4 protein chains.
Amino acid sequence: MRFFSDNAAAAHPKVIEAIAASNRLDTAYDGDGWSARLDRAFSDLFETDVRALWVTTGTAANCLALAALCPAYGAIVCHKDAHIENDEAGAPGFFTGGAKLMLVDGPGAKVTPDAIAAACDRVRKDVHQVQPAAISITNATEYGLAYSATEVAAVGALARERGLGLHMDGARFANAIVSSGASPADVTWRAGVDALSFGFVKNGGLNAEALILFKPELADAVAVRRKRAGHLLSKGRMLAAQILAMLENDLWLENARAANAAAQMLATAAPARLVYPVEANEVFLKVSAEEAAGLRAQGFDFYDWGVGEIRLVTSWDQQGTEVERLAAAIAAL
Amino acid sequence: MRFFSDNAAAAHPKVIEAIAASNRLDTAYDGDGWSARLDRAFSDLFETDVRALWVTTGTAANCLALAALCPAYGAIVCHKDAHIENDEAGAPGFFTGGAKLMLVDGPGAKVTPDAIAAACDRVRKDVHQVQPAAISITNATEYGLAYSATEVAAVGALARERGLGLHMDGARFANAIVSSGASPADVTWRAGVDALSFGFVKNGGLNAEALILFKPELADAVAVRRKRAGHLLSKGRMLAAQILAMLENDLWLENARAANAAAQMLATAAPARLVYPVEANEVFLKVSAEEAAGLRAQGFDFYDWGVGEIRLVTSWDQQGTEVERLAAAIAAL
Amino acid sequence: MRFFSDNAAAAHPKVIEAIAASNRLDTAYDGDGWSARLDRAFSDLFETDVRALWVTTGTAANCLALAALCPAYGAIVCHKDAHIENDEAGAPGFFTGGAKLMLVDGPGAKVTPDAIAAACDRVRKDVHQVQPAAISITNATEYGLAYSATEVAAVGALARERGLGLHMDGARFANAIVSSGASPADVTWRAGVDALSFGFVKNGGLNAEALILFKPELADAVAVRRKRAGHLLSKGRMLAAQILAMLENDLWLENARAANAAAQMLATAAPARLVYPVEANEVFLKVSAEEAAGLRAQGFDFYDWGVGEIRLVTSWDQQGTEVERLAAAIAAL
Amino acid sequence: MRFFSDNAAAAHPKVIEAIAASNRLDTAYDGDGWSARLDRAFSDLFETDVRALWVTTGTAANCLALAALCPAYGAIVCHKDAHIENDEAGAPGFFTGGAKLMLVDGPGAKVTPDAIAAACDRVRKDVHQVQPAAISITNATEYGLAYSATEVAAVGALARERGLGLHMDGARFANAIVSSGASPADVTWRAGVDALSFGFVKNGGLNAEALILFKPELADAVAVRRKRAGHLLSKGRMLAAQILAMLENDLWLENARAANAAAQMLATAAPARLVYPVEANEVFLKVSAEEAAGLRAQGFDFYDWGVGEIRLVTSWDQQGTEVERLAAAIAAL
């Protein structure tokens with residue numbers, strides 16, 4: 001019973017169906033009928049005109065966005081535990097041409113305006129030090145916390161004040177939206193977000209993520225960079241179709257609700273062990289090495305997350321029984 | 001009736017089936033059971049130990065290979081009509097960190113040892129001029145010609161003599177193999193090829209290509225670069241499964257035979273109009289603007305290819321009737 | 001007697017004096033009193049407000065300018081014989097992050113609007129092909145031709161019409177100005193030039209070139225890139241002092257006149273052998289291998305320049321006697 | 001009276017003389033007689049065969065070395081206060097093509113094997129995290145501490161054990177050597193250093209630094225990168241001549257001794273205020289804001305270095321009187 005990560009789950013059957021349904025001749029790349037519907041679909045969802053481009057990975061979405069917001073000689077402020085810092089093999093440096101990540105700290109991988117301001121203020125305003133050009137926040141964070149619209153707006157206000165671009169890594173955007181109850185618009189562009197990596201793969205998609213540009217004028221250059229990075233698939237319709245299937249009837253929200261609910265069930269089993277509040281589909285627990293071994297002996301797979309802590313991630317398709325059994329096992333520790 | 005390109009065709013039903021069949025929980029990225037079988041499958045096919053990595057586009061395959069074979073300060077010799085020069089948005093420069101393409105000419109986009117040697121000999125051996133580090137050839141070429149094993153071996157001998165890496169862009173490798181009758185081994189590593197972009201997408205795949213490394217020691221760094229370029233998909237098993245489906249029972253050859261046969265039917269219709277011999281699934285015809293308009297009026301879609309020439313590309317799934325009708329229409333011009 | 005190149009000549013004594021005179025404590029980098037005078041000095045010379053940055057090489061000046069005018073995913077149109085294409089080790093690709101040079105042809109390494117337009121028109125307007133973003137011309141050209149203000153203005157008009165930046169490599173700008181009689185303003189910004197690499201080293205400087213930005217708003221980012229490329233010297237005052245010495249009393253023009261006059265003396269010796277008109281300080285002659293050997297036997301050093309041609313470059317300090325002897329030797333061939 | 005930095009001091013008169021003496025025609029770039037002597041001169045100094053390349057800045061020396069030791073997808077371990085991290089505008093990212101700096105901490109900007117090992121051990125050995133490829137240490141450190149040969153050897157042993165390259169930023173190498181009494185060989189290659197940025201500009205040079213490669217096989221590619229970065233000056237003999245002048249009669253040691261002695265005089269004035277032991281030519285003092293203002297009122301210029309601390313840097317040419325006056329002023333605080 002795997003609680004390693006949501007990124008290895010199966011794709012939702014409707015996604016597979018959508019792929020099969022789009023499996024007929026059409027124009028290549030993103031000239032097809034499915035891709036053509038993305039801008040409209042996301043503009044409706046976000047209540048403003050956006051440009052939406054499919055890509056196959058969150059790393060590609062994140063780094064294409066960052067390259068649009070930060071020059072090669074600039075810096076991107078992010079949390080020290082951010083995925084772009086720790087788990088993308090230096091991709092931000094590759095896509096931007098050498099930009100630097102400027103790390104800040106904060107509980108639960110959440111980034112606050114104060115932390116950003118302090119980091120920026122430490123930079124001398126001269127040519128010797130790399131100047132910040134953008135901020136990247138992750139929502140839900142790497143520790144499963146959801147930003148409120150107010151929190152993002154505070155970061156956004158700082159970004160505007162300092163002339164910095166603002167990117168949101170939304171690998172688990174759906175889980176965050178379900179958790180915070182914020183409208184997609186309020187927690188993104190209305191709060192100052194310029195670009196959003198809208199994740200689907202961890203939430204029932206197969207291999208399609210969406211990069212949402214709230215500044216449509218950025219889109220043409222991003223489209224060029226997408227091609228240049230080898231990310232313009234010739235049968236793009238099968239990516240677009242996946243995304244449209246996820247949006248249809250709010251499947252993306254339905255899946256996220258299922259994953260979040262599973263996480264809540266685990267959280268409820270041992271509230272005293274929680275390292276962070278559970279606001280999305282990740283549960284971090286204080287568990288001794290012996291206890292962890294005990295859980296594994298019962299067939300549960302998960303990552304250790306530092307000394308004396310474990311990470312449990314629930315997925316849209318996690319069997320109720322599995323989750324119940326794990327909750328019981330945790331409660332029984 | 002579309003004869004624009006083979007890259008927009010539907011995926012083969014067995015590919016879709018394979019995706020669906022692999023749509024269950026497994027280890028993420030390339031840690032799954034399907035990905036684990038690729039090295040073996042391609043090592044069997046090529047009769048030597050290779051490393052095989054899935055990627056989603058030919059551009060990614062080509063440029064990851066080039067980055068492995070050419071330093072940022074080197075040059076890659078290729079044909080002036082090569083896909084990497086004309087249709088990849090400068091991706092070789094991006095992946096390598098600024099390497100240069102050194103262009104040679106030759107009929108039918110075929111690259112000869114003489115042309116390569118002449119280009120290299122024009123370079124002064126000093127630090128002011130960019131020194132060649134690799135060669136890239138396309139098989140089948142951008143004009144639909146297939147290299148014989150002997151021809152590749154001549155290029156390979158020159159590459160070894162001059163200390164250059166050798167890459168083969170095999171976006172239509174299957175069509176070339178079917179046409180030349182060469183064994184995959186003979187036309188690649190036995191002829192000196194270090195890395196092959198083995199295309200599936202134009203031949204019935206959905207979104208999986210294979211990068212074959214005949215120097216297995218290159219693979220670890222390529223795997224890092226793949227991740228760094230955002231090309232390490234989390235549900236990679238659905239790419240590996242596609243490729244395995246294409247290899248099973250030689251589906252890749254069956255599909256290529258169908259496409260090549262369709263091209264031959266068109267070629268036979270008007271041999272005097274052929275710009276190049278038809279050796280794969282592309283047909284270049286001398287056709288006046290009026291004649292082209294006439295064909296289009298009958299419902300046939302295709303690209304003009306310079307003045308007075310058109311390009312027709314056949315696909316694995318091209319309806320016999322469609323091809324017969326186009327052949328008849330050409331014959332009737 | 002060396003006619004290899006003007007880049008190996010001695011520096012003018014006044015330049016050495018200026019270095020010695022600036023050899024006292026001052027603020028580091030470009031915060032010193034000499035550097036502070038550059039903007040004003042060049043603004044006066046060019047009759048408009050410019051920003052002027054010292055660098056130590058023409059390659060640095062050229063490529064910092066190109067990085068300011070062309071994104072990593074763009075192309076720079078230049079002559080196939082341009083220094084940036086042939087003699088800078090791929091530096092444009094390095095400084096821009098992978099931009100491409102789009103080569104045009106034309107007699108004497110001169111670039112015409114027609115050639116540029118034709119090159120640009122061959123590019124499909126899609127994401128698959130690298131789109132032109134800038135033009136770079138060399139004045140005097142690599143074959144010693146000087147652009148008239150009208151010629152540059154024609155290129156400049158095209159640049160504006162197509163939205164392209166315009167850079168002038170002026171490694172031998174002084175020689176061109178002396179030859180064409182154009183005002184520095186007329187042949188640069190009034191003709192549409194955005195950035196000029198203003199060469200001094202080939203003309204009596206030691207190791208200081210000036211990068212002139214006619215769009216002052218480009219300067220701050222260029223200054224950052226200069227530092228980032230390791231080109232911000234801590235004792236920059238000794239570069240600025242060199243440049244100021246060259247500008248004082250028009251030493252730069254005086255030196256160029258001397259070099260150009262020497263070239264004219266050589267040209268006059270054998271007008272029928274000239275490959276190009278001699279408009280600066282380079283002389284290209286049709287000379288057989290035997291004749292070249294004969295000249296060398298008399299102690300003259302120079303480069304062969306293709307089959308049956310030689311290149312002779314004169315310097316500001318070339319001894320009258322040396323030049324007279326070479327002229328006589330040529331006449332006597 | 002300026003105690004800001006040693007990088008703004010005048011060049012030593014013998015350096016200016018050497019420039020003037022080399023100011024005559026010779027082969028361009030590094031083909032001249034002076035440049036040709038560098039390898040030998042440094043091989044003698046270091047008691048082993050080295051390759052030595054001149055460059056004009058420490059940033060260029062550092063980053064060319066790092067690009068030789070670390071691939072674009074690797075990481076360089078260095079102190080969080082290292083010059084390459086804080087004062088080179090992201091140049092390491094530019095020269096390497098996007099490599100990352102992996103920061104460690106430690107008193108006085110000194111890097112220990114334990115700190116390096118701990119940082120490396122935190123990196124998962126997979127493609128998602130950037131793997132360390134090189135270490136860079138600064139000697140003397142950014143806080144004026146000199147490494148002993150034993151200390152460097154401990155770092156070098158770790159580097160070899162982990163397969164990491166080892167670079168030493170020796171912007172103040174002379175001051176460190178004078179202080180530690182170590183032989184240049186013992187504190188570099190015998191201790192495992194692969195490449196050394198040997199600084200001269202802070203020590204009486206004008207604009208020439210030396211990049212010393214203890215692995216000569218690295219030199220050819222470094223020479224190409226030097227050109228590609230615009231750092232191959234055409235009159236390189238005037239850089240080589242500077243360096244040779246500094247080496248002659250151990251002028252580099254004489255200058256460093258003078259600067260170190262001045263620092264010792266300051267240190268002795270207020271031992272209780274020292275933040276770090278004074279081992280080179282930098283003095284960090286605990287001084288209140290009022291005291292600092294008092295010193296400035298007496299005409300002394302220097303940087304604040306964090307709250308309640310100031311940095312005083314002495315130069316080779318610092319007037320005895322100036323230093324004595326400052327020492328007295330500090331003692332009188």
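Residue numbering restarts at 1 for every chain, and letters A, B, ... go by the order of the sequence lines. What you see is a predicted model, and the numbers here were worked out from it, not measured in a lab.
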Practice item. Kindly confirm or rule out a cation-pi arrangement of C/Arg311 over C/Phe302, judged by NZ or CZ under 6.0 Å from the six-membered ring centre and within 45° of its axis? Key: no
Check your understanding: Where on D/Leu239 is there a heavy atom nearer than 4.5 Å to chain C: the side chain, the backbone, both, or neither?
Key -> side chain
Review point. Does NZ or CZ of D/Arg226 fall inside the cone over D/Trp54's six-membered ring, less than 6.0 Å from its centre and within 45° of the axis?
Key: yes
Practice item. To the nearest 0.5 Å, tell me how far D/Thr57 OG1 sits from D/His231 NE2. Key: 5.0 Å
Practice item. Below 4.5 Å from any heavy atom of chain C, which atoms of D/Leu206 appear? Answer side chain, backbone, both or neither. Key: both
**Study point:** chain D interface, residue from C/Gly31, C/Ala89, C/Ala61 that has the most non-hydrogen pairs under 4.5 Å
**Key:** C/Ala89
Review point. Counting heavy-atom pairs under 4.5 Å to chain D, which of C/Arg237, C/Arg2, C/Arg228 comes out on top?
Key: C/Arg228
Practice item. With a 4.5 angstrom heavy-atom cut-off, could you sort out which part of D/Phe4 is near chain C: side chain, backbone, both or neither? Key: neither
Point to revise | Contacting moiety of D/Ser5, where chain C heavy atoms sit under 4.5 Å | key: neither
Practice item. Carefully, step by step, assess D/His167 and D/Ser197 under the rule side-chain hydrogen bond (donor to acceptor under 3.5 Å, both in side chains). Key: CA-CA 8 Å; D/His167 165 250; D/Ser197 303; 2.9 Å; yes
Review point. C/Asn23, C/Asn207, C/Val15: which one forms the most heavy-atom pairs within less than 4.5 Å of chain D?
Key: C/Asn23
Study note, to complete from the structure: Per-residue tally against chain D (heavy atom, under 4.5 Å) across C/Ile19, C/Leu232, C/Thr27 peaks at C/Thr27
Practice item. Just give me the residue among D/Pro13, D/Ala28, D/Ser234 that pairs up with chain C most often, heavy atom to heavy atom, under 4.5 Å. Key: D/Ser234
Review point. Side chain, backbone, both or neither: which part of C/Asp87 has a heavy atom under 4.5 Å from chain D?
Key: backbone
**Study point:** Candidate pair C/Arg51 and C/Ile212, rule side chain to side chain contact (heavy atoms under 4.5 Å, CB included), full reasoning
**Key:** CA-CA 6 Å; C/Arg51 291 282 301 275; C/Ile212 311 299; over 6 Å; no
Exercise for review: Could you tell me whether the side chains of C/Asp32 and C/Ser35 share a donor-acceptor contact shorter than 3.5 Å?
Suggested key: yes
Review point. Hey, which of D/Lys235, D/Met238, D/Lys227 has the most heavy atom pairs under 4.5 Å with chain C?
Key: D/Lys235
Exercise for review: Answer with yes or no after comparing the ring centroid distance for D/Phe3 and D/Tyr303 against a 6.0 Å cut-off, counting only values under it.
Suggested key: no
Exercise for review: Determine, step by step, whether D/Asn281 and D/Thr314 satisfy the side-chain hydrogen bond (donor to acceptor under 3.5 Å, both in side chains) criterion, reporting the C-alpha distance in whole Å, the side-chain angles of both residues, the deciding distance to 0.1 Å, and the verdict.
Suggested key: CA-CA 5 Å; D/Asn281 63 327; D/Thr314 55; 4.6 Å; no
Practice item. Using non-hydrogen atoms and a 4.5 Å limit, figure out which bit of D/Arg225 sits close to chain C: side chain, backbone, both or neither. Key: neither
